[in-house]
Amino acid sequence: MSDHHRRRFLSEVGRGMLVASVGSALATDLGIVGAWADEVSSELSFGKHEPLVVLMQETPVDRLQPLVVEQIRQGTDLRTLTTAAALANARTFGGQDYTGYHTMMALMPALEMSLQMPTAQRALPVLKVLYRNTDTIQSKGGRKAEVLRPVAAKPAPARGGGQQLRKQVHAADLQAAEATLAGLTDARARRAFNALQRIVQDDINVHRVVLAWRAWDMLRLTGAEHAHTMLRQSVRFCVDAEQERIRNGRAEPAIRGVLPALLDQYKLAGRAPGDRQADDQWVSHLAQTIYNGTREQAAEAAAAALAEGFSPEQVGEAMSLAAAQLVLHDPGQSEVTPGRPKGSVHGASVGVHASDAASAWRHIGRVTNSRNQIASLIVGAYHTAGQAGGLHDKPYPHAEHVEAVRTSDSKELLGELESCIRGNDQGRACALVERYAKLEQPVRPVFDVLLKYAVSEDGALHAEKYFRTVSEEYDGTRDRFRWQHLVALARVTASEYGQPAPGHAQAVELLSG
């Protein structure tokens, strides 16, 4: 830590609070004991969270987990640690680093996973992502490399804030866009999030939509006072994407014309979503239309359904099922890449990406205004579709996988499921979960088996997000179809086994000590 940062840190939290918060050992190691608070700077600060935020940024990663576990034993809860990690991540990367924003998106899913763990192991999912967070921060230069600074807010327009923000992003004017978002956030966080959707809907990048959703979801921890810090990550991501598009001479994404045309054609602008309920056949048909169709066909099918008064939940359910089918039809990776052996379907695969994106589009629709709820589902259907080319005609499990499952005993099925995961047997893992589903046994034991490996394995940056996606989409899908999500998760879990998460073994040892 530089002298400048040391003085600033102490000026904000006070020497006594610092030592009490991070412990005298860390304070001594960082060279803070004996320093004096005699300087105030204009850098971004997080008040009461600042001591833990700095700990996340400045601690060498090999010493992080003992310090965090000691914090837990002294009474710091996992929500507080997750909050500090999210703020540290945002201040360091600002939504502009690939591993950085993947890690930010994994924080809330990890916290939710912790609630499903046995008491003695509850901290494991969070510790796993905190380790990755600090490791990534340290690899980028730690505190001295952080990118976020305070922004002077531009007074929010009474109307049209989203259009103004969109115009600024299209011009790749980061300074103006951040000032506009700051003004909108000062007015109201939800208003800012609604405005933000105008730029999120402008392209179909999975990280664009999932980052926006996870940043909003994180406000449950950080509070609205940090809404601008969380949401501006999306502005910076979108400006970066626009700059790259312009630099490479690419045309504007087609969705920028498709969405307004469909809103106009089906007279959806200014219309409240309907509440018409669909039967199983209707949902299955729309799911297949999205899975098999072109992007334009899928978007129009979603727009037509919404115009007919079907509820957003019904359309979103079909979109989510189409994404699960992409997981189950995936032939697997054709070559070896870091963290992903040949044949793998975990990590940045077509199905995992599609499922995470579809879930994010659904979630955004649930918390935004009517216009954005409708638009999110149209764009989400467009995003999910057009990806079935080159996939297997038949989904996992194949007939030979199903025929090889001999038992109908639920305990035996769960035991075999673990064996298949450890043997990377994707097909049989799918067949076992499918057989278990037909027994109509409680779902929790299956989730518990899959959770164990979502925590222990690296997952190529996607284990936490995808586990959470499946958990939420299972709950948001009708009984007849919901197990498709768990069959897909079983396949992904069997794919990702064998690449242990960095820091996991140390965390297990610390928590058992």
Side-chain angles (χ1 to χ4, degrees), residues 78-79 82 106-129 217 220 313 317 320-321 323-324 327-328 346 352 355-356 359 362-363 396-397 401-402 405 407-423 425-426 428-457 459 462-497 501 504 507-508 511:
L78 297 178
R79 290 173 61 89
T82 304
L107 283 165
M108 185 63 85
L111 181 64
E112 296 287 354
M113 289 163 64
S114 73
L115 301 177
Q116 303 171 39
M117 296 289 289
T119 301
Q121 301 175 344
R122 189 153 290 169
L124 277 178
V126 173
L127 288 173
K128 173 189 179 182
V129 182
D217 194 32
R220 290 193 283 141
E313 285 300 313
E317 183 180 3
S320 175
L321 287 167
V327 176
L328 296 174
H346 67 279
V352 169
S355 296
D356 284 346
S359 184
R362 290 187 80 183
H363 277 295
Y396 271 47
H401 303 139
V402 174
V405 177
T407 184
S408 290
D409 181 88
S410 60
K411 290 184 178 179
E412 289 182 12
L413 289 169
L414 293 172
E416 287 190 33
L417 176 59
E418 285 220 50
S419 296
C420 287
I421 290 169
R422 290 177 173 272
D425 190 339
Q426 299 175 26
R428 186 169 173 81
C430 291
L432 290 163
V433 172
E434 191 174 89
R435 176 68 61 85
Y436 185 96
K438 292 178 180 178
L439 298 177
E440 299 184 351
Q441 295 294 306
V443 69
R444 187 66 252 167
V446 178
F447 268 119
D448 287 342
V449 170
L450 302 176
L451 172 63
K452 174 181 176 180
Y453 298 102
V455 174
S456 68
E457 304 308 296
H462 288 74
E464 300 78 28
K465 295 193 303 298
Y466 185 60
F467 184 89
R468 186 62 184 157
T469 286
V470 168
S471 299
E472 293 173 322
E473 295 309 304
Y474 177 90
D475 289 341
T477 303
R478 62 194 61 207
D479 290 345
R480 180 176 174 183
F481 303 131
R482 65 194 341 181
W483 278 87
Q484 290 181 35
H485 295 295
L486 266 171
V487 173
L489 179 59
R491 184 179 186 194
V492 170
T493 305
S495 171
E496 69 192 4
Y497 182 79
H504 179 261
V508 170
L511 292 175

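Position 1 is the first residue of the sequence, and the numbers go up from there. This is a predicted model, so every value here is computed, not measured.
In this structure, R362 does not pair ionically with E472, as no charged nitrogen and carboxylate oxygen lie closer than 4.0 Å.
For the atom pair CZ of R122 and CG of L115, the computed distance is 6.5 Å after rounding to the nearest 0.5 Å. With rounding to the nearest 0.5 angstrom, the CG atom of L107 is 12.0 Å from the CG atom of L78. From S419, atom OG reaches atom CG of L414 across 11.0 Å, with rounding to the nearest 0.5 Å. Rounded to the nearest 0.5 Å, atoms NE2 (H485) and CD (E473) are 5.5 Å apart. Within the model, atoms CG of L127 and OG of S114 stand 10.0 Å from one another, a figure rounded to the nearest 0.5 Å. Distance check, rounded to the nearest 0.5 Å: CG of L451 to CZ of R444 gives 6.5 Å.
In this structure, H346 and S495 approach most closely via the heavy-atom pair ND1-OG, 2.7 Å. The two residues Y497 and R422 come nearest to each other via the heavy atoms OH-NH1, 2.9 Å. Residues A490 and V433 share a closest heavy-atom pair of CB-CG2, 3.6 Å. Across all their heavy atoms, A431 and P397 have their closest contact at N-CB, 3.6 Å. The minimum heavy-atom distance between V352 and H462, with the atom names listed, is CG1-CD2, 4.0 Å. L439 approaches S408 most closely through the heavy-atom pair CD1-O, 3.1 Å.
No side-chain donor-acceptor contact under 3.5 Å links R491 to the backbone of Q426. No side-chain donor-acceptor contact under 3.5 Å links K128 to the backbone of A110.
For the pair H504/V455, a side-chain contact is recorded, criterion being any heavy-atom separation below 4.5 Å from C-beta on. Inter-residue side-chain proximity for F467 and Q116 is flagged as met; some heavy-atom pair is nearer than 4.5 Å. For the pair L450 and L486, the minimum side-chain heavy-atom distance is below 4.5 Å. Within the 4.5 Å cutoff, no side-chain heavy atoms of V446 are placed close to those of L413.
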### Task
Any chance you could lay out the side-chain contact (heavy atoms from CB on, under 4.5 Å) test for F447 and V470, step after step, and finish with the verdict?
CA-CA 10 Å; F447 268 119; V470 168; 4.2 Å; yes

### Query
Could you go step by step and tell me if K452 and D448 meet the side-chain contact (heavy atoms from CB on, under 4.5 Å) rule?
CA-CA 6 Å; K452 174 181 176 180; D448 287 342; over 6 Å; no

### Task
Could you walk me through whether Q484 and V487 pass the side-chain contact (heavy atoms from CB on, under 4.5 Å) test, one step at a time?
CA-CA 5 Å; Q484 290 181 35; V487 173; 5.7 Å; no

### Task
Report the C-alpha distance between M113 and S471 in whole Å, list the side-chain angles of each, state the deciding distance to 0.1 Å, and finish with yes or no for side-chain contact (heavy atoms from CB on, under 4.5 Å).
CA-CA 10 Å; M113 289 163 64; S471 299; over 6 Å; no

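Screening T469, L111, V129 for a side chain to side chain contact (heavy atoms under 4.5 Å, CB included) with E464, the sole residue that qualifies is V129.
Take R478 and apply the salt bridge (charged side-chain N to carboxylate O under 4.0 Å, His left out) test, not counting sequence neighbours, and it matches D280, E317.
Counting only residues at least two apart or in different chains, side-chain hydrogen bond (donor to acceptor under 3.5 Å, both in side chains) contacts with residues 429-438 are absent.
Relative ring orientation between H401 and Y396 is described as tilted, the plane-to-plane angle lying within the 30° to 60° band.
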